[in-house]
Amino acid sequence: MPSRCPVCGAEVIKPEGEAMHRCTNTACPAQALEKIKHFVSRGAMDIEGVGEKLCLALFEKGLVKDAADLYYLNREQLLQMERMADKSVTNILNSIAASKDRPLPRVIFALGITHIGGETADLLAEYFSSVDELARTTQEQLRDIPSIGPTIAESIVAFFRQEQNRQIIEKLRKAGVKLKVNEIKKKDLPFAGLEFVITGKLESSTRPEAEVRIKALGGKAGSDVTRKTSYLVVGADPGSKVARAEALGIEKLNEEQFLDMLKKAEGKP
DNA sequence: GAGCCTCGAGATCT
DNA sequence: CTCGAGGCTC
């Protein structure tokens with residue numbers, strides 16, 4: 001006996017080697033709804049205040065047929081909804097607007113491409129700097145990326161071939177959703193203008209690793225203490241740099257202080 | 001104040 | 001995933 005999708009009644013197949021049954025009817029309303037729920041969910045666009053129930057209600061009312069429709073909701077439409085008063089509407093509109101500049105990996109994940117989870121989305125964002133670039137890629141190019149195989153490559157290309165998906169992306173673009181990497185200006189990074197010099201051995205990581213983190217935050221990693229040095233990071237068995245820093249009156253950091261500073265700057269409290 | 005919904009933390013599993 | 005807390009509506 002074939003199993004059937006509980007929503008649309010279409011016959012459901014169980015792909016070889018996969019645990020889940022999957023309804024293959026692309027017009028299945030349950031699929032559309034799931035995609036919207038996925039789009040607003042935490043790891044994706046993370047639209048606060050919009051959860052399962054609201055997605056369902058908006059979908060049933062026909063106000064939101066696909067994820068991009070969320071960005072076109074207005075006050076009056078939201079006020080029609082059950083248990084929705086001014087306060088909620090304001091909050092929801094604000095959080096929808098705030099989701100427009102989510103980082104690229106999240107946007108890629110939010111699209112809901114089959115087989116693309118958070119990890120793969122992160123990976124793709126390292127190789128493609130916009131959704132459009134990803135949309136233009138070929139299976140061959142994708143397969144050159146380590147840990148991307150034929151299944152994922154095929155799935156991505158198929159996704160962007162679908163007219164429906166292309167339209168959603170256009171709607172997102174028109175609504176002002178950022179579809180490319182945030183090119184953060186160097187000047188705005190937390191370590192802009194700071195130069196760190198490391199002496200001695202670090203417990204927590206190797207020196208190159210620490211330098212990568214400093215640079216990612218817009219700082220410089222120097223090798224000699226000069227008047228331009230902002231901080232001297234002092235690890236175990238430090239060298240003569242300590243004396244030089246003291247002579248120049250340069251602030252010293254122990255490893256713990258340094259790690260603290262990195263974490264704060266990286267926004268991970 | 002009651003009830004609904006969503007969030008975030010922490011436990012659990014992979 | 002499940003739980004409890006907190007926001008919001010009514």
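Counting heavy atoms from C-beta on, the side chains of A/I116 and A/L111 never come closer than 4.5 Å.
Regarding A/L54, its CG atom lies at a distance of 14 Å from the C1' atom of C/dT9, rounded to whole Å. One interatomic measurement links the two molecules: CG of A/D46 to P of B/dC7, which rounds to 7 Å at whole-angstrom precision. The separation between A/E48 atom CD and C/dG6 atom C1' is 13 Å, rounded to whole Å. Across the protein-nucleic acid pair, A/M45 atom CE and B/dT6 atom C1' stand 19 Å apart, rounded to whole Å.
For the pair A/E34 and A/K37, the salt-bridge criterion is met [side-chain N within less than 4.0 Å of a carboxylate O]. Between A/K171 and A/D69, at least one side-chain nitrogen of the basic residue sits less than 4.0 Å from a carboxylate oxygen of the acidic one, meeting the salt-bridge criterion.
Applying the side chain to side chain donor-acceptor pair (under 3.5 Å) rule to A/S41 yields no partners; only residues at least two apart in sequence or on another chain are considered.
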Please table the atom pairs, donor to acceptor, closer than 3.5 Å between any side-chain atom in residues 232-248 of chain A and protein atoms at least two apart or in another chain.
{"residue": "A/K241", "atom": "NZ", "partner": "A/S223", "partner atom": "O", "Å": "3.0"}
{"residue": "A/R244", "atom": "NE", "partner": "A/V225", "partner atom": "O", "Å": "2.8"}
{"residue": "A/R244", "atom": "NH2", "partner": "A/V225", "partner atom": "O", "Å": "3.3"}
{"residue": "A/E246", "atom": "OE2", "partner": "A/K252", "partner atom": "NZ", "Å": "2.5"}

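Only A/R83, A/M84, A/A85, A/D86, A/K87, A/S88, A/N91, listed by number, bring a heavy atom of residues 77-107 of chain A to less than 4.0 angstrom from any atom of DNA chain C.
Between the CG atom in A/L202 and the CG atom in A/N254 there is a gap of 11.0 Å [rounded to 0.5 Å].
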